[in-house]
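What follows is a set of notes on a single structure, which appears directly below.
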Protein chains: 2
Amino acid sequence: MRPTMRDVARHAGVSLKTVSRVVNGEVGVRPDTAEKVNDAISALGFRRNDIARALRGGKRTRSLGLVIKDVANPFYSQIARGVEEVARLHDLFVISGCSDEDPARERHLIRSLCERRVDGLLVVPSAADHRYLIPELNMGTAAVFMDRPPEEAIRADVVLIDNVGGARSAVEHLIAHGHRRIACLADLPGIFTARERRRGYDEALQAHGIPVDESLVRLGPHDVAGAEAATAELLALGDPPTAVFAGNNRLTIGALRAIQAAGTRTALVGFDDFELADMLATPVTVVAHYPAEMGRRAAELLCRRMNGEDLPPQRVLLPTRLIVRGSGESPPI
Amino acid sequence: MRPTMRDVARHAGVSLKTVSRVVNGEVGVRPDTAEKVNDAISALGFRRNDIARALRGGKRTRSLGLVIKDVANPFYSQIARGVEEVARLHDLFVISGCSDEDPARERHLIRSLCERRVDGLLVVPSAADHRYLIPELNMGTAAVFMDRPPEEAIRADVVLIDNVGGARSAVEHLIAHGHRRIACLADLPGIFTARERRRGYDEALQAHGIPVDESLVRLGPHDVAGAEAATAELLALGDPPTAVFAGNNRLTIGALRAIQAAGTRTALVGFDDFELADMLATPVTVVAHYPAEMGRRAAELLCRRMNGEDLPPQRVLLPTRLIVRGSGESPPI
DNA sequence: CACTAAGACGACAACGTTGTCATCTCATCC
DNA sequence: GGATGAGATGACAACGTTGTCGTCTTAGTG
């Protein structure tokens, strides 16, 4: 179906190798020969076969694998965007797959990507054992992890958000506005970022001599409805919190709903910025971070590895920024 | 670096072909031989090289190319998600690239994807000439377009949203609530979906015997700020509109801002649903559609083509749904 | 004119796999 | 006991490209 260099060569009356030279812009071809070849290429609609090229070269497929939870989720799609930007600069293609947080699927994806001989791997790891990756890494496939670190045993670069610092800044913001009874909505404790953010909450309170009141901490709400219910419960306490720190954007929305429903002036700071946070009835104060930057940094690290740089494993911590919009500045009642 | 089947064969004391048989689960290998081979595979950490496989097979790379404007944009990332779901079912990988609406980049992407011998192409075309694709299509690369049709000259499947019908339903909803002076915010007229939605607006008015008042139509606002300014201008008219139809979600947000700022009770229906539309101070009535479904349908069509089905070019029109939330039901003043 | 060297071009092997076909080993059967 | 055939295994070519090296042409030199 598709013509090969051999077909082009026949059509132009030259050898296969001469076509290769023209296609690759190598020197040592007379201009008139090159023209004949180019004419044949246009006439036949020839496209160099990168599959054969990668095989013959034996080295690079000029592609990298990206394993995320779900492209439809803005957090991950922004990561993907950052990765794609860097890949473009290096003339690489991104082959991506969604793990949907399923360890088996993640493993299958990574395995398939290795079989396709991607030059490198960018992974947001699910909470599972990643030791199966070690042979792949030893075999020379570079890998960089994002958002969550893999097991100790895996020596690879990681790019993380400063979860602890970001959470601390949120809670300190509330403390600075006079709050002492501050609730914490954290996601499932199996999730790395949830644990880290919860740790930031604890650290902020301790740093200001406020004892952690476990009755104000809710581990486990994982979606908007769960967070709404948990917040409603907190607000119904005899001695309710005057402020809420929500560990991610879904929890923030849930908390917001409950607070609106309760009609209180409870202060709220959420982790993760989200679109329209400034357009809501009460604009939401958030700890913002930059997923695209995470993708970029990870991809850059990966490219350095792919180019053979041999640094010790890097651990990059990306800063967060508190965006003050209103919901976090209500005084305690 | 990475072991090949030849290495495995040597290690197991069998022939290359026997390893191939074991790896591919072919029949005709004694269990004990298979075990020796599997042991060697584990010992060496062998991974079949899909590059070589694709070359030898000559046929399928089991991958498809996806060209969209920008993964970070929720509309496109949901398309990507739909595509990925179908790809997963067919054991295909998705290689994606962002065109950023740059025709040159789009062309480069498509060309590179063809050089990688993707089995099929899914494209949201930019407003440009796509005739360069014709040779690729003739050469047997299947292609399906999404969201916007390519030129007449290109015979390929297209999956579109029912832009005209959706816009008409929005405007008819406003008419049903008693509005006669309905403004229209449309994006740049170079954009296919903007033209179509504008057409739906016209058709709805005409169907109800309401003359189109060009002074209420704004072509050109392309972002939130532009829509906000345009809407402010409309509201400041001596005889302002009592309702606004906004042609996409950015324009809807802009219109909403202007209406809030003006403090009027102007009704608003927007094309495109968006997250938190129900959480805003005034929940927004929208014409919703399902980008992930578009990705799925397009990918399914593509897979049928890739499997050799030879139908005439299909044109799929996906329905929209009006979601009533409040902003579209204010009566005229 | 003979000799040299650079420049242009081609022949061939190799990348790692799989399809085709040949060979080899046994158990079975008359 | 030899013929038969099924089952297991291997040798080899081919996929489309590029690296290596050899050959041929031609311009330049003495």
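Chain A is the first sequence line, chain B the second, and so forth, proteins listed ahead of strands; every chain is numbered from 1.
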### Query
Pairs in or reaching into residues 308-317 of chain A: which pass salt bridge (charged side-chain N to carboxylate O under 4.0 Å, His left out), with residues at least two apart or in two chains?
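As it turns out, the salt bridge (charged side-chain N to carboxylate O under 4.0 Å, His left out) pairs with a partner in residues 308-317 of chain A, which skip direct neighbours, are A/R304-A/E309.
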
Of the non-hydrogen atoms in [X] and [Y], which two are nearest, and what is the gap between them?
X: A/P125; Y: A/P150; answer: CG-N, 4.5 Å
X: B/F192; Y: B/D147; answer: CD2-O, 3.7 Å
X: A/V94; Y: A/E84; answer: CG2-CA, 4.2 Å
X: A/S126; Y: A/P103; answer: OG-CA, 3.9 Å

Check the distance between [N]'s [atom2] and [X]'s [atom1] and give it to me in whole angstrom.
X: A/E26; N: D/dT20; atom1: CD; atom2: P; result: 11 Å
X: A/R10; N: D/dG16; atom1: CZ; atom2: C1'; result: 13 Å
X: B/M5; N: C/dC15; atom1: CE; atom2: C1'; result: 14 Å
X: B/E115; N: D/dT17; atom1: CD; atom2: P; result: 10 Å
X: B/R60; N: C/dT18; atom1: CZ; atom2: P; result: 17 Å
X: A/I51; N: D/dT18; atom1: CD1; atom2: C1'; result: 16 Å
X: A/R6; N: C/dG10; atom1: CZ; atom2: P; result: 13 Å
X: A/R48; N: D/dT17; atom1: CZ; atom2: C1'; result: 10 Å

Residues which pass salt bridge (Lys or Arg N to Asp or Glu O under 4.0 Å) with [X], listed by chain and number, not counting sequence neighbours:
X: B/E85; value: B/R81, B/R296
X: B/E106; value: none
X: B/D157; value: B/R305
X: A/R6; value: none

Worksheet item: When you check the gap from the basic side-chain N to the acidic O, do A/R47 and B/E115 get nearer than 4.0 Å?
Response: no

Item to complete: Output yes when at least one side-chain N/O atom of B/S20 is less than 4.0 Å from OP1 or OP2 of C/dT17, else no.
Response: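 For C/dT17, OP1/OP2 do not have a side-chain N/O of B/S20 under 4.0 Å.
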
_Less than 4.0 angstrom between a side-chain N/O of B/N24 and OP1 or OP2 of C/dT18, yes or no?_
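Result: yes.
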
Given protein heavy atoms under 4.0 Å, the one-letter contact record of nucleotides 22-27 of chain D, with B base, S sugar-phosphate only and - none, is simply ------

**Message:** Could you check whether atom CZ of A/R62 has more than 12 heavy atoms from other residues, nucleotides or ligands sitting under 6.0 Å from it?
**Reply:** yes

When rounded to the nearest 0.5 Å, the distance separating CG of A/N73 from CD1 of A/I68 is 8.5 Å

- Message: As a test of reading the structure: which of C/dT17, D/dT18, D/dC15 is closest to the side chain of B/L55, going by heavy atoms?
- Response: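 Of the options given, the side chain of B/L55 lies nearest D/dC15.
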
Against the side chain of A/F46, the closest entry in C/dT18, C/dG16, D/dT17 is D/dT17

Enumerate the protein-to-nucleotides 4-6 of chain D contacts in which both atoms are nitrogen or oxygen and the separation is below 3.5 Å.
none

Atom pairs, protein N/O to nucleotides 12-14 of chain D N/O, distance under 3.5 Å:
| unit_1 | atom_1 | unit_2 | atom_2 | d |
| --- | --- | --- | --- | --- |
| D/dA14 | N3 | B/R56 | NH1 | 3.0 |

_Using the side chain to side chain contact (heavy atoms under 4.5 Å, CB included) criterion, which residues pair with A/S112? Sequence neighbours excluded._
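A/S112 satisfies side chain to side chain contact (heavy atoms under 4.5 Å, CB included) with A/H108, B/F93 only.
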
task = Please name all residues satisfying side chain to side chain contact (heavy atoms under 4.5 Å, CB included) with B/D39, sequence neighbours left out, ordered by chain then number.
result =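 Listed in chain order: B/E35.
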
* State, without any angle test, whether A/R2 and B/T141 hold a side-chain donor-acceptor pair at a distance under 3.5 Å. =>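 Result is yes, a qualifying pair exists.
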
For a quick check under 3.5 Å, do B/T193 and B/N163 share a side-chain donor-acceptor pair by atom type?
no

Scan nucleotides 7-9 of chain C against the protein and return all N/O pairs shorter than 3.5 Å with their distances rounded to 0.1 Å.
| unit_1 | atom_1 | unit_2 | atom_2 | d |
| --- | --- | --- | --- | --- |
| C/dC9 | OP1 | A/T33 | OG1 | 2.3 |
| C/dC9 | OP2 | A/R30 | N | 2.7 |

Pairing string of DNA chain C (Watson-Crick or G-U wobble, both atom distances under 3.5 Å; | = paired to other strand) is ||||||||||||||||||||||||||||||

- Base, sugar-phosphate, or nothing for A/D50, non-hydrogen atoms under 4.0 angstrom?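 Result for A/D50 = nothing.
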
